[in-house]
Number of protein chains: 2
Amino acid sequence: MKSVNITIKDIAKALGLSLSTVSRALKGSYKISEATQQRVKNYAAEHHYRPNLIAQRLKNKNSRCIGVALGTIPNSFYAEVMNGIESVAYEKDYMVIVTQHFESYEREVKNLENLTWRSIDGLLVSLSSETKDLSHLTKMQQQELPIVYFDRVPEHQACHKITTDNFGGAYEATTHLIQIGYQRIAHITSSPHMSISRGRLEGYYQALADHDMPQQEQYIKYCRHGGMLPEEVENALDELLKLPEPPDAIFTASDRLTMHTFTLLRKWNIAIPSRVALAGFSNFASPELLDPALTTVKQSAFEMGSLATRLMIELIESKRPVEGFQHKVLATELCVRESSAGIIAVH
Amino acid sequence: MKSVNITIKDIAKALGLSLSTVSRALKGSYKISEATQQRVKNYAAEHHYRPNLIAQRLKNKNSRCIGVALGTIPNSFYAEVMNGIESVAYEKDYMVIVTQHFESYEREVKNLENLTWRSIDGLLVSLSSETKDLSHLTKMQQQELPIVYFDRVPEHQACHKITTDNFGGAYEATTHLIQIGYQRIAHITSSPHMSISRGRLEGYYQALADHDMPQQEQYIKYCRHGGMLPEEVENALDELLKLPEPPDAIFTASDRLTMHTFTLLRKWNIAIPSRVALAGFSNFASPELLDPALTTVKQSAFEMGSLATRLMIELIESKRPVEGFQHKVLATELCVRESSAGIIAVH
DNA sequence: CCGTTTTATGCAAACGTTTGCCCAAATAAA
DNA sequence: TTTATTTGGGCAAACGTTTGCATAAAACGG
């Protein structure tokens, strides 16, 4: 590509000034007279001068560019988060480089390496479901690269993070299922070591406990790949349904798991909710259009992205290292629909 | 962020060589002895040398970075396209900067300006529905920035593009509606000046013509913002239903329009397909789960993204300017489901 | 043994900024 | 008038590469 932009040198030549004077005039102040500043600024404006970002970056080490690592873009939750990220980035004049790790630890590591190599100003990360070892990330933090985690965050590490109220969302959904009469509520979730899985599992447990219902291991199914492999959901569901006392309701812990479960139940002609009710975390845009309309726990995905990005930019632009770590928790919204219509209503 | 990477200078110092020798050794050949090359390469590998991309870019003007301009990421079609783009970019060791224009011409222009300012190697563009004036893009092409358009492409301009067989997809869907007995088939589409709208409209017309059915203006509704404003779809649909002879089937031209129409029909309690059938372009992941299951014309979104990116990288990496322009057309897939169950079957 | 070619390497400029330091002129203080 | 201070601006190095040109050493031909 032919570069067609004018440079500081061009301005200096045209105005009979030195490079340094022009540079300083453009940034305002620093002992350059008002008159000269105006001359320079006017000339720059007239000729559409735009500083060469590459050169600036080489000098200054800042690129106004934010890297993002997430699972996969077509996931409706992440797509909405990306929307939030991009929107704030645009507003603040940053750009966004996006990478997908497809829930693979190896790919996550590679992506993050690539991103930092490209000297971005900060990193927005949602961990892969395989990730247990965080050394690649702590290394980056030690290099003082600002990192903000969202959704799937490290649990035992001081860091900035934006999360969903996983406990609360799960508690509310499970309580809802209990209150309308379901007795044997199963839970399909992802890797047990993930922050979101843990929070949701605990919310589920607490709801059972608060309503004097037993916690039964047989009703908990883990999908280690978070539903990236269709058969893991299939197996989980199959095992649940084959139990001597199969569940009368299922609470699913993530977007992908919810949709997979829903699809399988439909495919296997298992009536929802009469044979088994379904409620789950999901950010699918129109759950009310499904058959039956799906009861969902909805996360504030856009807000998660935008908050994370605002915090990120704050971190980048603050001169002094920010003291302490921020952790924001976003509320969920339970939307009750037909897929969890009460037993009472049905009988 | 503290840069912790070693530089060519470090290698040169450690090995007692000059910068130029190290640089050339790393790139292989250019009259550097095998022995030295190995020494340098080994040292570089041991110390995890990675060339500073910023510096390289300043010298060479290539960044291994591709800019993308599209409507909005949460749109399931674009999300899947992005997946294709990112996947190929990863494979070829490029990174992707993504911007959303939200179907606004102004924002498209700004985004593209920002992208080029950041000296990317190439641009993947899907035009906004407002875009008529292409001068901002032709200017970039003249600067020899490689551009590949996808989905919404300039119609009257020599350029590289990947499109869907809009004509064919629309023809097939309309023919399907005709063949199972619908008589008054309406068409809801976006801006009439867009390439995709035109192709789909023509496919629709041709299908009518080939089956000796009249083309009636009253059955064509344009949504200038492609459904970004909910009320434009609402108005369009309302007008259609209020006609003395309302349509008995609707063919919608895009993802957003299809979902909006579907939602409204459900909301207004208009039975699908008995009162009005629905078939439309959509890349929603599970249309079979809707109530009723939705007949869709599905585009190869992932493939569109991956093909566009492969072509892009080819353009970037070819030494000689590529002669001629490529235009690839991807087939659509019609999936017939309940929302267009035949009239015959219903009666 | 000398001149020429080949081979392997180094020097320095360049990419477009930023910035520490220096300096001339103007002004103020003595 | 001399000295000190302020004001406005320039020089040059630096960021980490790449690359045209120069050059020293080795190999070769005569």
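Here is the naming used below: chain letters follow the sequence lines, and residue numbers restart at 1 for every chain.
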Student: Please confirm whether the backbone N or O of B/I66 pairs with a side-chain atom of B/D121, one donor and one acceptor, at under 3.5 Å?
Tutor: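 No: the side chain of B/D121 does not pair with the backbone of B/I66.
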Student: Donor-acceptor pair, distance only, cut-off 3.5 Å: does the side chain of A/T116 make one with the backbone of A/L112?
Tutor: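 Side chain of A/T116 to backbone of A/L112, a donor-acceptor pair under 3.5 Å: yes, one is there.
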Student: Using heavy-atom distances to pick each residue's nearest nucleotide on DNA chain D, tell me which of B/A55 and B/S20 is more 5'.
Tutor: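 Per heavy-atom nearest nucleotide, the more 5' residue is B/A55.
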Student: OP1 or OP2 of C/dT18 less than 4.0 angstrom from a side-chain nitrogen or oxygen of A/Q56, does that happen here?
Tutor: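 For C/dT18, OP1 or OP2 has a side-chain N or O of A/Q56 closer than 4.0 Å.
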Student: Looking at B/K27, I'd like to know whether one of its side-chain N or O atoms comes within less than 4.0 Å of OP1 or OP2 on D/dT18.
Tutor: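 Yes, within the criterion.
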Student: I'd like to know if A/R57 reaches the base of D/dG16 with its side chain such that a donor and an acceptor end up less than 3.5 angstrom apart.
Tutor: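 Donor-acceptor pair under 3.5 Å: no.
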Student: Could you go through residues 89-96 of chain B and list every donor-acceptor pair under 3.5 Å that involves a side-chain atom there, pairing it with any protein atom two or more places apart or in another chain?
Tutor:
from: B/E91; atom 1: OE2; to: B/R310; atom 2: NH1; distance (Å): 3.1
from: B/Y94; atom 1: OH; to: B/E317; atom 2: OE2; distance (Å): 2.9

Student: On DNA chain C, nearest-nucleotide positions of A/I54 versus B/T21: which is more 5'?
Tutor: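 Looking at DNA chain C, the more 5' nearest nucleotide goes with B/T21.
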Student: Do B/S195 and B/E155 pair up side chain to side chain, a donor and an acceptor below 3.5 Å, judged on atom types alone?
Tutor: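 No, no side-chain donor-acceptor contact under 3.5 Å.
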Student: Heavy-atom nearest nucleotide on DNA chain C for B/G16 versus A/L26: which residue maps closer to 5'?
Tutor: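 Of the two residues, B/G16 wins.
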Student: Is any side-chain N or O of A/S23 closer than 4.0 Å to OP1 or OP2 of C/dT18?
Tutor: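 It does, given that an N or O in the side chain of A/S23 lies less than 4.0 Å from OP1 or OP2 of C/dT18.
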Student: So, is A/Y49 near the phosphate of C/dT17, with a side-chain N or O under 4.0 Å from OP1 or OP2?
Tutor: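 So the side-chain polar atoms of A/Y49 do come within 4.0 Å of the phosphate oxygens OP1 or OP2 of C/dT17, strictly under.
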